[in-house]
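Okay, structure first, notes after.
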Amino acid sequence: MITVLAEGTSVGLRGDGNGSWVPVVCAGKKGYVSAQFVMINDGGTGGGSTSGYSSGDQVVVANTGGQGVRLRSKASSTASIIVVLPEGQGLVVRSGSSGDWVAVTYRTSNGFVHKDYLTLGTASTPTPTPTSDSGALKANDHALVTDLVNFREGASLTANVISSVDEGTVVLVTGAKKNGFYPVQVAGFAGFIHGDYLQYTNKDLTGVDGSGGVTGDQPGNGAITPQGRKMINYAMKYLGYPYVWATHGPDTFDCSGFTYWVTLKTLKADIGAGTWSQSISGTAVAYSDLRPGDLVFFQNTFTWGLSHVGIYIGDGKFIHAENETTGVVISSLTSTYYATRWYGARRITTD
């Protein structure tokens, strides 16, 4: 503990909240305060906007260093996360902006993004207009995801987001459409995807043909390569180092900061310091085909959706910057906590 702050003390935010904790700075000292004791003042009066954007403006995600920005359900850094938006993503401003938080529409979702991570303009690769599936899909059909889309717990735009599903993923339709959504399975996980982003395909399911997902009872234990060994040997030097939100070395790390640092120093490859950018790096790997050096991803840890990453070291174990209590540790993929939160794996080694 650094100190006890008196009620009414003003502190500055220095980043997004990490679960139930908010990173702050007070009197020149950095620390964390429980979100339940912090009231966010966005600088507006009477709920008005100071963002400088107007309803209907075209904006683009910017200034994130490639990490992307969180689309929040409310105008607050402690509000729940709808999805992480990649750098360069185009959005449309809607009415309802509050303080420095800009109300935006992203595909079929409404949310808020802080003005610091937006700029006026149109995305160089605009989001394609979804093509209606015309009610053609039925149970046991394979469906191709036509654009990055939210994978939800229920058949509603307000249902919790389990994760986002990449364009090109092939999912299994498990029932009839309801409220515009199909019940589907993605690499063994059950949920719902809006029908506008699905089209019939005869391709193999993702996660069954070796392209990602849990495909076996046990994680793979493939032969280690020289690059994989180099990654693991370097990563092990940091066992016990502290976890600090939004840092990526050399003395402190968050989860994606740790994998970024190890990859940069061993493979000389920049995979970005954010979990989202890392989740689309390299090539997808099935759970049963894992080998040391692969990046392993998890969902629904401190927040809904893709939220954690580590480095597989073999024998069902991985090294990662877990949280502020444990720091950099080794954990088991087959533990109840991580086995039930598996998201996928990517191979960034090239040997």
Side-chain angles (χ1 to χ4, degrees), residues 18 65-67 210-299 301-302 306-335 337-339 341-351:
N18 180 6
Q67 297 186 53
S211 58
V214 178
T215 59
D217 293 335
Q218 296 296 323
N221 200 26
I224 191 170
T225 66
Q227 287 184 348
R229 187 179 301 280
K230 189 175 183 180
M231 286 182 65
I232 292 169
N233 288 344
Y234 191 79
M236 295 292 280
K237 296 179 181 180
Y238 292 95
L239 273 176
Y241 272 58
Y243 177 107
V244 175
W245 175 257
T247 62
H248 48 271
D251 301 316
T252 63
F253 308 90
D254 64 8
C255 67
S256 58
F258 179 65
T259 49
Y260 163 82
W261 179 260
V262 172
T263 304
L264 184 67
K265 294 300 180 180
T266 57
L267 304 185
K268 310 303 180 185
D270 185 350
I271 57 174
T275 309
W276 187 91
S277 65
Q278 295 179 16
S279 72
I280 58 174
S281 63
T283 57
V285 181
Y287 185 78
S288 58
D289 291 333
L290 287 171
R291 73 184 187 198
D294 291 340
L295 300 186
V296 288
F297 296 87
F298 305 89
Q299 58 191 340
T301 53
F302 74 90
L306 175 62
S307 54
H308 194 64
V309 60
I311 301 170
Y312 188 58
I313 62 174
D315 296 323
K317 298 178 181 179
F318 67 105
I319 184 170
H320 58 138
E322 187 173 42
N323 56 46
E324 290 161 337
T325 300
T326 63
V328 178
V329 294
I330 293 173
S331 300
S332 173
L333 286 179
T334 59
S335 67
Y337 183 85
Y338 287 109
R341 289 168 172 79
W342 175 259
Y343 180 88
R346 307 291 292 194
R347 181 160 297 157
I348 53 177
T349 54
T350 57
D351 58 356

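Just so you know, these numbers use all the heavy atoms, side chains as well, and skip hydrogens, waters and symmetry mates. Remember, predicted model here, so these are calculated numbers, not experimental data.
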Tyr234 vs Trp261 side-chain heavy atoms within contact, under 4.5 Å: yes

Give me the one residue out of Tyr260, Trp245, Tyr241 that meets side-chain contact (heavy atoms from CB on, under 4.5 Å) with Phe253. Tyr241

Closest non-hydrogen atom pair between Tyr287 and Gln218, with its separation: CE2-C, 3.6 Å

Nearest-0.5 Å distance, CD1 of residue Ile330 to CG of residue Asp315: 10.5 Å

Any side-chain heavy-atom pair of Phe318 and Ser331 under 4.5 Å: yes

Is Asp294 reaching over with its side chain to a backbone N or O of Arg291, donor-acceptor style, under 3.5 angstrom? yes

Taken in chain and number order and not counting sequence neighbours, the residues that satisfy side chain to side chain donor-acceptor pair (under 3.5 Å) with Asp351 are Thr225

Quick one: does Asn221's side chain have a donor or acceptor within less than 3.5 Å of a partner on Gly314's backbone? no

Parallel, tilted or perpendicular, judged at 30° and 60°: which one describes the rings of His308 and His320? perpendicular

Please answer whether the main-chain N or O of Val244 pairs with a side-chain N or O of Thr252 as donor and acceptor at a distance below 3.5 Å. no

Donor-acceptor contact present, side-chain Thr349 to main-chain Gly228, <3.5 Å: no

Within a strict 4.5 Å, meaning less than it, do heavy atoms of the Ile319 and Ile232 side chains meet? no

Could you pull out the closest heavy-atom pair between Gly282 and Arg346, with the gap in Å? O-NH2, 3.2 Å

Under the rule for ring pair (Phe, Tyr, Trp, His ring centres under 6.0 Å), what residues qualify as partners of Tyr312, not counting sequence neighbours? none

Counting distance only, does the side-chain N/O of Gln227 pair as donor-acceptor with the main-chain N or O of Leu267 below 3.5 Å? no

Closest contact, heavy atoms only, Thr334 versus Pro219: CG2-CD, 3.7 Å

Side chains of Leu295 and Ile311, heavy atoms from C-beta outward: is any pair under 4.5 Å? yes

For Val329 against Glu322, the heavy-atom pair lying closest together: CG2-OE1, 3.6 Å

Shortest non-hydrogen separation from Asp254 to Gly257 and the atoms involved: OD1-N, 2.7 Å

Ignoring hydrogens and angles, tell me if any N or O in the side chain of Asn323 forms a donor-acceptor pair with the backbone of Thr325 under 3.5 Å. yes

Nearest atoms (heavy-atom pairs only) where Ile271 meets Thr259: CD1-O, 4.1 Å

For the backbone of Val309 and the side chain of Gln278, can you confirm whether one donor and one acceptor N or O come within less than 3.5 Å of each other? no

Side chain Arg341, main chain Phe298, donor-acceptor under 3.5 Å: no

Leu290 and Leu333: side-chain contact (heavy atoms from CB on, under 4.5 Å), yes or no, with the steps? CA-CA 11 Å; Leu290 287 171; Leu333 286 179; 3.7 Å; yes

